[in-house]
Amino acid sequence: MITYFLRRALGAVAVVLVLSAVVYVTFYVAPGDPARLACGPRCNPEQIRQVREQLALDDPLLVQYWHFLQGVFVGSDYSAGTAVLHCDAPCFGLSYQNNQQVTDLLVERLPATASLAVGAMIVWLVVGIGTGLLSALRRGGVTERVLTWLTLAGTATPVFISGLVLLMVFCAYLEWLPFPSYVPLTEDPEQWAWNMLLPWVALGLLESAKYARLTRSSTLETLAEDHIRTFRAYGVRERSLVARHALRGALAPVIALTAADFGSIFGGAVLTETMFGLPGIGQLLVRSTQTIDLPVVVAVVVITGAAVVIANIVADVLYAVSDRRVALR
């Protein structure tokens, strides 16, 4: 087990390093002058030259990337000529827009995105797995056909449509819930939950559709295996057969998909955060892209990729725990 974790950890570090190099080169070597972007559209050539010196953009690309890595992992304390790059703690540099450390911007918005990700994941797992399992056990009946149509409808409905419907029904018409306004969990847990309920449902229902289809197909495939037929021939009850044997095998691909979705949601839930006014990382990414704030964009992309890598490592372990046929190698 320890060897497996060490091997996966080293592999994860290598993947993140390659990702950071690709992202850094893509954004800083692509057409466009980072000094001009950082200075603004009204800067004259002399001001752009000063910004270039301050950001050490005249250094070779490998040197710039090395200082970028230093800032990410241990903080940056680098000076050369008029260039002074300093971070007291690990950071991704300074924002072009407000000269604030990018790490501080991300930490401010992380709680909203984490709240959305965890709550939506619970919704899509409960609804998706429950619907898919029921559809598989009621194969060929009316229940399966109804659930299949609902699943297709959920897949085809964009989150901004479902979110708007939820707002109109529960906030405007029925007035059961307040219009969402993010409240930190540490300030008021009850208001935090009430205000996050509609975003959780909107994103969770959208994602649950594919989990329902995946659970249904995996369950049917598992129930058709030889060892399941053998258990059934020995008189094992169907409920026990499904709960103790079939479900564990059927959940393996669901775990892998959950890891990928949970990791990518940190930068990919842009529509949900915008629809419900959540001050999350996805909304920060959109704003930074519009203003061409390269340090923030690079940081969000790298962090999202790292989250996906870490989530997949966790998924591999859960995969092996849920299915005894899988070995940690």
Side-chain angles (χ1 to χ4, degrees), residues 4-32 34 37-38 55-57 59-76 78 85 87 89-96 101-110 112-114 116-118 121 207 255-271 273 280-319:
Y4 172 79
F5 275 115
L6 290 176
R7 187 169 61 250
R8 290 307 308 270
L10 292 175
V13 171
V15 171
V16 173
L17 286 176
V18 172
L19 172 65
S20 66
V22 172
V23 172
Y24 188 88
V25 171
T26 300
F27 284 100
Y28 283 91
V29 182
L37 297 175
L55 296 178
L57 295 176
D59 288 345
L61 181 62
L62 288 178
V63 176
Q64 296 182 46
Y65 177 64
W66 172 247
H67 293 306
F68 169 75
L69 290 180
Q70 281 185 315
V72 171
F73 290 103
V74 297
S76 178
Y78 164 71
L85 306 177
C87 291
C91 70
F92 288 85
L94 303 178
S95 169
Y96 289 168
Q101 290 189 12
V102 175
T103 307
D104 294 338
L105 294 174
L106 296 176
V107 170
E108 290 175 1
R109 294 173 175 267
L110 181 61
T113 299
L116 176 63
V118 174
M121 182 186 67
E207 296 291 332
I255 293 173
L257 182 61
T258 302
D261 285 342
F262 184 79
S264 61
I265 204 174
F266 279 87
V270 177
L271 288 176
E273 292 182 357
I281 293 178
Q283 197 176 77
L284 175 65
L285 176 61
V286 173
R287 185 177 305 173
S288 301
T289 303
Q290 293 172 344
T291 58
I292 320 181
D293 197 347
L294 293 184
V296 178
V297 175
V298 170
V300 173
V301 174
V302 171
I303 287 178
T304 302
V308 173
V309 172
I310 295 173
N312 276 277
I313 295 177
V314 175
D316 287 343
V317 177
L318 296 177
Y319 193 101

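What you see below is based on every heavy atom in this structure, not just the backbone, and it leaves out hydrogens, waters and symmetry mates.
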Rounded distance [0.5 Å steps], [atom1] in [X] versus [atom2] in [Y]:
X      : Y      : atom1 : atom2 : value
Leu284 : Thr113 : CG    : OG1   : 8.5 Å
Arg109 : Glu273 : CZ    : CD    : 8.5 Å
Ile303 : Ile310 : CD1   : CD1   : 10.0 Å
Leu105 : Asp293 : CG    : CG    : 8.0 Å
Thr26  : Leu294 : OG1   : CG    : 11.5 Å
Leu116 : Ile281 : CG    : CD1   : 11.0 Å

Passing candidate, side-chain contact (heavy atoms from CB on, under 4.5 Å) with Leu285, options Val296, Val300, Thr304:
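With Leu285 as partner, side-chain contact (heavy atoms from CB on, under 4.5 Å) holds for just one option, Val300.
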
Nearest heavy-atom neighbours spanning [X] and [Y]:
X      : Y      : result
Glu207 : Asp261 : OE1-OD2, 3.5 Å
Val102 : Pro295 : CG2-CB, 3.8 Å
Val270 : Gly282 : CG2-O, 3.7 Å
Ala21  : Tyr65  : N-OH, 3.4 Å
Leu19  : Gly305 : CD2-CA, 3.5 Å

Backbone N/O of Leu17 and side chain of Ser20: donor-acceptor pair under 3.5 Å:
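Indeed, once roles are kept as given, a pair shorter than 3.5 Å links the two residues.
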
Suppose we screen for side chain to side chain donor-acceptor pair (under 3.5 Å). Which residues come up paired with Thr258, at least two apart in sequence or across chains?
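Scan of Thr258 (side chain to side chain donor-acceptor pair (under 3.5 Å), adjacent residues dropped) gives none.
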
